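Here the structure is laid out as structure tokens; the discussion comes afterwards.
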Amino acid sequence: IVGTNIAYYRYTFDYFLDAMERLGIHQIELWGGSGHFSIYDTAGNQVGGMKKKLRERGFTCISMMPEQNVYAINIAVPEENIRRKSVEYIRRFIEAANELECSKFLLNPGRPCLNKPMSEGYKWGRDSIEKLVRYAEKYNVILMYENLNERESCLASNCHDQFRVVKDIDSPYLACCVDTVPV
């Protein structure tokens with residue numbers, strides 16, 4: 001069993017860790033969001049501080065999940081500058097995952113513009129994912145391509161859409177992740 005701090009986003013991170021200890025859960029999925037673990041919230045070595053905190057309390061981070069739905073992060077939009085900034089944001093979390101000795105990383109498909117052909121959204125998203133996979137290979141981090149419900153993204157709302165991207169890119173560093181909430 002793995003606990004995720006996204007379920008505790010309105011509590012402090014220490015409160016989340018206390019709850020996991022009470023439940024006897026020592027493996028976590030680390031959501032990278034403001035107030036818990038955002039690469040933009042603090043200066044200095046936030047990753048080193050998180051690693052120390054987890055180690056001192058006996059926790060292992062087995063999956064990284066940076067916020068990719070709420071913020072202005074979108075790997076599948078037509079605007080190249082937004083895609084580029086989104087890829088850079090995710091790269092920083094891939095580096096953090098590596099430093100935390102975390103080998104799995106949840107990756108959302110992005111949200112295409114609904115007034116554009118889906119083939120364009122797929123093309124932009126696939127291009128971003130391929131760049132991220134090549135980066136993740138350097139850090140030995142496996143990107144877990146996550147399904148979303150259709151309101152969140154129509155690019156990976158079923159297993160066929162997910163398998164298409166994974167097959168097209170064909171890397172051992174890209175796999176599918178089934179989120180049971182949209183299913």
Side-chain angles (χ1 to χ4, degrees), residues 6 9 29-47 50 63-100 102-179 181-182:
I6 194 168
Y9 76 95
E29 173 180 76
L30 182 58
W31 168 68
S34 188
H36 282 217
F37 186 69
S38 173
I39 56 176
Y40 297 120
D41 284 351
T42 61
N45 188 359
Q46 186 180 14
V47 180
M50 176 60 72
S63 178
M64 174 75 71
M65 180 178 59
E67 181 56 63
Q68 299 168 66
N69 284 324
V70 179
Y71 300 128
I73 303 301
N74 192 346
I75 63 171
V77 293
E79 296 85 8
E80 192 275 331
N81 65 318
I82 296 172
R83 288 194 320 272
R84 184 178 25 73
K85 288 177 184 177
S86 298
V87 166
E88 182 56 36
Y89 165 86
I90 294 169
R91 282 179 174 171
R92 291 181 66 192
F93 274 103
I94 289 170
E95 294 167 7
N98 175 262
E99 193 172 333
L100 291 171
C102 173
S103 64
K104 303 279 189 303
F105 187 102
L106 266 65
L107 179 65
N108 288 350
R111 299 164 310 284
C113 290
L114 298 178
N115 64 317
K116 300 272 187 186
M118 285 303 108
S119 60
E120 289 184 20
Y122 176 81
K123 176 186 73 171
W124 295 318
R126 186 197 176 286
D127 180 64
S128 297
I129 293 166
E130 184 146 25
K131 289 175 183 170
L132 290 166
V133 167
R134 300 304 166 224
Y135 197 75
E137 288 172 351
K138 297 175 189 177
Y139 289 92
N140 201 31
V141 173
I142 298 170
L143 303 181
M144 307 299 293
Y145 189 54
E146 184 178 16
N147 63 306
L148 299 174
N149 68 48
E150 288 184 355
R151 290 182 316 277
E152 294 171 315
S153 177
C154 53
L155 290 177
S157 60
N158 62 59
C159 63
H160 302 292
D161 294 338
Q162 285 180 284
F163 294 154
R164 179 181 174 199
V165 171
V166 171
K167 185 178 176 187
D168 281 357
I169 294 177
D170 191 29
S171 168
Y173 290 89
L174 181 64
C176 291
C177 169
V178 178
D179 185 336
V181 174

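Keep in mind that this is a model prediction, so the values were computed, not measured. FYI, side chains are in, hydrogens and waters are out, and symmetry mates aren't considered; it's all heavy atoms of this structure.
Residues Ile75 and Ile129 come closest through the heavy atom pair CD1-CG1, 3.7 Å. Residues Pro109 and Glu146 come closest through the heavy atom pair CD-O, 3.5 Å. What you find for Asn74 and Gly110 is that their closest heavy atoms are OD1-CA, 3.5 Å. Here the shortest heavy-atom pairing between Cys177 and Asn147 reads O-OD1, 3.1 Å. Nearest heavy atoms, Phe163 versus Cys176: CD2-SG, 3.4 Å. Between Leu132 and Arg91 the shortest heavy-atom distance is CD2-CG, 3.9 Å.
Side chains of Val165 and Leu174 form a contact here, defined as non-hydrogen atoms less than 4.5 Å apart. Using a 4.5 Å heavy-atom threshold, the side chains of Ser171 and Arg134 count as touching. The closest side-chain heavy-atom distance from Glu152 to Asn108 is not below 4.5 Å. By the 4.5 Å heavy-atom criterion applied to side chains, Arg84 and Glu88 are not counted as neighbours. In this structure, the side chains of Ile169 and Tyr145 stay at 4.5 Å or more apart for every pair of heavy atoms. A 4.5 Å side-chain heavy-atom check between Pro66 and Phe105 finds at least one atom pair inside the cut-off. A 4.5 Å side-chain heavy-atom check between Leu148 and Asn69 finds at least one atom pair inside the cut-off. Side-chain atoms of Pro78 and Cys113, non-hydrogen and from C-beta on, do get closer than 4.5 Å to each other.
One finds the CZ atom of Arg164 at 9.5 Å from the CG atom of Leu155 (value rounded to the nearest 0.5 Å). Distance OG/Ser63 to CG/Leu100: 11.5 Å, rounded to 0.5 Å. Expressed to the nearest 0.5 Å, how far OG of Ser119 lies from CZ of Arg126 amounts to 13.5 Å. The CE atom of Met64 sits 12.0 Å away from the CG atom of Leu143 when rounded to the nearest 0.5 Å.
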Met144 and Met65: CA distance, side-chain angles, deciding distance, side chain to side chain contact (heavy atoms under 4.5 Å, CB included) verdict: CA-CA 10 Å; Met144 307 299 293; Met65 180 178 59; over 6 Å; no

Trace of the side chain to side chain contact (heavy atoms under 4.5 Å, CB included) decision for Arg111 with Val77: CA-CA 7 Å; Arg111 299 164 310 284; Val77 293; 6.0 Å; no

Worked verdict on Leu114 versus Cys154 for side chain to side chain contact (heavy atoms under 4.5 Å, CB included): CA-CA 9 Å; Leu114 298 178; Cys154 53; 4.2 Å; yes

Steps toward side chain to side chain contact (heavy atoms under 4.5 Å, CB included) verdict (Leu30, Met50): CA-CA 10 Å; Leu30 182 58; Met50 176 60 72; 4.1 Å; yes

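Remark: Glu95 pairs with Tyr135 by the side-chain hydrogen bond (donor to acceptor under 3.5 Å, both in side chains) rule, at least two apart or across chains. Under the ring-ring contact (aromatic ring centres under 6.0 Å, His included) criterion, Tyr9 pairs with no residue, sequence neighbours left out. Annotation: side chain to side chain contact (heavy atoms under 4.5 Å, CB included) contacts of Pro172 (sequence neighbours excluded): none. Considering only residues two or more places apart in sequence or on other chains, Phe93 meets the ring-ring contact (aromatic ring centres under 6.0 Å, His included) condition with Tyr89. Remark: Asn140 pairs with Tyr173 by the side chain to side chain contact (heavy atoms under 4.5 Å, CB included) rule, at least two apart or across chains. Among residues two or more places apart in sequence or in another chain, the side-chain hydrogen bond (donor to acceptor under 3.5 Å, both in side chains) test is passed with Glu120 by none.
Ion pairing between Lys123 and Asp127 fails under the 4.0 Å rule for side-chain N and carboxylate O.
Between the side chain of Gln68 and the backbone N or O of Leu106, at least one donor-acceptor pair lies under 3.5 Å.
Sparse packing is recorded around CD of Glu150, with 12 or fewer heavy atoms of other residues, nucleotides or ligands lying under 6.0 Å away.
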